[in-house]
Amino acid sequence: MTKVSVIIPYYKGPSYLEECVQSIENQNLSDLEILLVDDRGGDDVPESVLEKAFLRRIVLEEEPEAEGFCAGESWEVVPPGGGKDMSPFGAAAARNAGVRYAGGEYLYFIDADDYLWEDALARLVELADEKGADVVTGKRCFSWFRPLSFTNEGAQEDTQLTGIVPLRGEELASFLSTRFTVQHLLVRRAYYDGLGLAFDVHNRYYSDVFVAAGIFFGKEAVMWADGSSQYVCRLHNDPIHLPALSQEKTKRRAGDFIRSYEAAIHLLTEEAGAGSTDGDNVAYALNWQLSRFIAEHFPDTLNGEEARHFTMALRRVPERDWRRIKKEFGFLQTMEMNCFKKGKEQAAKLFAKLAFAWRKKQGILGTPIQHRRIVDALFFQKMKLLPNTVLFESFLGKSYSDSPKYIFEYLNKTYPGRYKCIWAYAEKKRDIPYPAKQVKRLGLRYFYYMARCRYVVFNGRQPTFYKKRKGSIFLETWHGTPLKKLVFDMDDVTSASPLYKEDVYYQTRAWDYLVAPNEFSEKIFRRAFSYEGNILGTGYPRNDILYHPDKEDLALEIKNELGLPLDKKVILYAPTWRDDEYYGPGMYKFSLRLDLGRMREELGSEYVVILRTHYFIADALDLSGFEGFAYNESKYDDVARLYLISDVLITDYSSVFFDFANLRRPMLFFTYDLEKYRSILRGFYIDVEKELPGPMLFDTEEIIDAIHNLRTIQRNYEERYKQFYEKYCAWEDGHAAERAVNAVFRFGHTEMEKD
């Protein structure tokens, strides 16, 4: 007999599965089998998985029966299948099949999108053998990250239990309150068979509650292996194309929950008998989950029939359990549950809404931004759009710059007085060369114009609260040719916003037009943003200045504006941010890796350095002691003006080099963390070793040596630079703003504008 049979239900997500199986292989258990139960039988199971010697693939070909399942009290059966990308069989059928084919002394359940930390399974087996335990479990935590980039820091745990202890009594009840699942359970096969249980194949979302209740009820104690055995539930950062079950938006969830709850309670009451302490504690945990489900889903998602089922279930909760549960609720939620039990749904809804408002601290008790959102919903969204009115925003209102700036200036030069323009600012108002009302970003007037402007022109994502109105036109210019992978092309989201993909998906639904700087970007934007709207192949308006007929005179003007010495050349250092180093959303850390002291020693007689960090970077660079050599222009509005005065660019993975290439001046790439950035954080769209039009350098000494030998570097990279320019700069000619305006702004053609 095999020692352990690991059962993995699989439907989709080959990259998740590959890492799951690899984590099992890394457990240092020689006597195990993996039963991969494929309930689709597709061709997306990776070859690297199928080649594992200890893995058996089982394909479900017929709709299975739920042998041994006790449904308890009657509940309308929702047949499996029928939904978008919904498996016809599901995890329940796969687990039942896995148990049927398993040949191990122990059964172990893991989901295909999860993985194990080092020795997690081995520790459970060791403890089960040592203690003679029939059921052993351990720590379970949640992470957005793949195994390669996972750390314990910040991982959300489902229990605070410590030590290697048997779980019984109230400890067991407390544990089960957060975990009615077979995930990370090692169960002795003989014990499992004796229970006569099966997973409910008609229950998509809570199919294992019934089995877990039976397993935990059947034992006096369950062995807990503490943090020495760690199971990682991997949260899906792409809930649009590859949602986890918990992320699927469906009305079926409530029906599945009450079905699982009633079946489990029926099992306990039928089998436990009066006065069974173990049954009471497992039942309490179920009743606690019932109450939490109602509190979280009522009144928005429960229909009338479901509400009646939940009311009847709540009425059957014993008074002793009800007293314990109420202690965990606040006053408003307790009142909600009391009304719900009595069938007073309208009163329950009132208390539910009050409880929600209290948790979110909206309305009178809320923050100014919440007040403005309420005013927006009640008033601004119901007002008419303002014809010929345009709202501009660049880099979250942090600057008057980028493509919105050049579209704004072209509009005013070409059609003076025709459009009323609004500019959003984050910290302070800017000197703007044409008439424009300036409003504080996220202030009340900002909400007003977001709701009422006929045109909106941004170079980044709009706030998630923005609601696209019929008749409004959203022009998204974006802000760079992509080097590092974007949104849906990223395997993992290691940034401060793990739901980044979901946010972007719904934000891009509001875009009517998206500007692309080149054919390469056009193809990537379509895929990476999952965007089906209009893409304008105009080139970037922000690069029009690089083709200015008097750009040499303009460069001299900019140098004087910044107080730079006119007898020295300029090095521009423009690094991007690192996804995994942040203080919070949109606030990234940055550590300067250039040795400015060495650079000043070697280059100070001929060069000065301008530092320009990404607008996401929150750290203020301290250049004390480098006055006259290093200048921090991170807050300078328009980086394109800095390109004009720069003789050489140093960057890393920032898109600035695609724009700087329009000038055909030398570029150096300071890629000191190349492997980490390429392999873990983002990944690249291009082969940097073959395509970058300059050398990749890894420390300050290499940078200094390269600057001393710029002519040699230019000769060596001449052909590659030419190819790079033709691929990424071919659409740029100084007229991108004109093309974008002609495509989007329809002068006098609509009834609204005639008004």
Exercise for the section: Determine, stepwise, if the pair Ser48 / Glu18 fulfils side chain to side chain donor-acceptor pair (under 3.5 Å). Expected result: CA-CA 7 Å; Ser48 61; Glu18 194 166 22; 2.4 Å; yes
Handout entry: Spacing of CG belonging to Asp113 relative to CD1 belonging to Ile8, to within rounding of 0.5 Å
Key = 10.5 Å
Exercise for the section: Return the minimal non-hydrogen interatomic distance between Arg204 and Glu248, and the atom names on each side. Expected result: NH2-OE2, 2.8 Å
Handout entry: OG-CZ distance between Ser246 and Phe142, expressed to the nearest 0.5 angstrom
Key = 8.5 Å
Problem - Ring centroid separation Phe310 to Phe293 under 6.0 Å - result: yes
Handout entry: Phe329 and Trp288 aromatic centres sub-6.0 Å
Key = yes
Problem - Distance-only donor-acceptor check, side chains Tyr205 and Arg253, under 3.5 Å - result: no
Handout entry: Greater than 12 external heavy atoms within 6.0 Å of Glu118's CD
Key = no
Handout entry: Carboxylate-amine/guanidinium proximity below 4.0 Å for Asp119 and Arg123
Key = no
Completion exercise
Here the pair of heavy atoms bringing His241 nearest to Phe488 is ND1-CD2, 3.4 Å
Practice task
Compute the centroid of each ring, for Phe199 and then for Phe109, and state whether the two points are separated by less than 6.0 Å.
Solution key: yes
Handout entry: Residue pair Tyr108 / His184, side-chain heavy-atom distance below 4.5 Å
Key = yes
Problem - Ring centers of Phe257, His297 separated by less than 6.0 Å - result: no
Exercise for the section: Indicate, with yes or no, if the rings of Phe298 and Phe340 have centres closer together than 6.0 Å. Expected result: yes
Problem - Derivation and outcome, side chain to side chain donor-acceptor pair (under 3.5 Å), residues Glu19 and Gln22 - result: CA-CA 5 Å; Glu19 291 170 344; Gln22 186 61 52; over 6 Å; no
Practice task
State plainly whether the residues Asp489 and Arg527 are in salt-bridge range, i.e. N to O under 4.0 Å.
Solution key: yes
Practice task
May I ask you to check if Lys341 and Trp322 form a cation-pi contact, with NZ or CZ under 6.0 angstrom from the six-membered ring centre and within 45° of the axis?
Solution key: yes
Exercise for the section: With Asp111 as reference, evaluate Arg140, Arg234, Arg95 under the salt bridge (Lys or Arg N to Asp or Glu O under 4.0 Å) test and give the passing residue. Expected result: Arg95
Problem - Worked check of side chain to side chain donor-acceptor pair (under 3.5 Å) between Ser5 and Glu33 - result: CA-CA 5 Å; Ser5 295; Glu33 64 174 357; 2.5 Å; yes
Handout entry: Tyr115 and Asn26: side chain donor to acceptor below 3.5 Å
Key = no
Problem - pair Val232-Asp114: side-chain heavy atoms closer than 4.5 Å - result: no
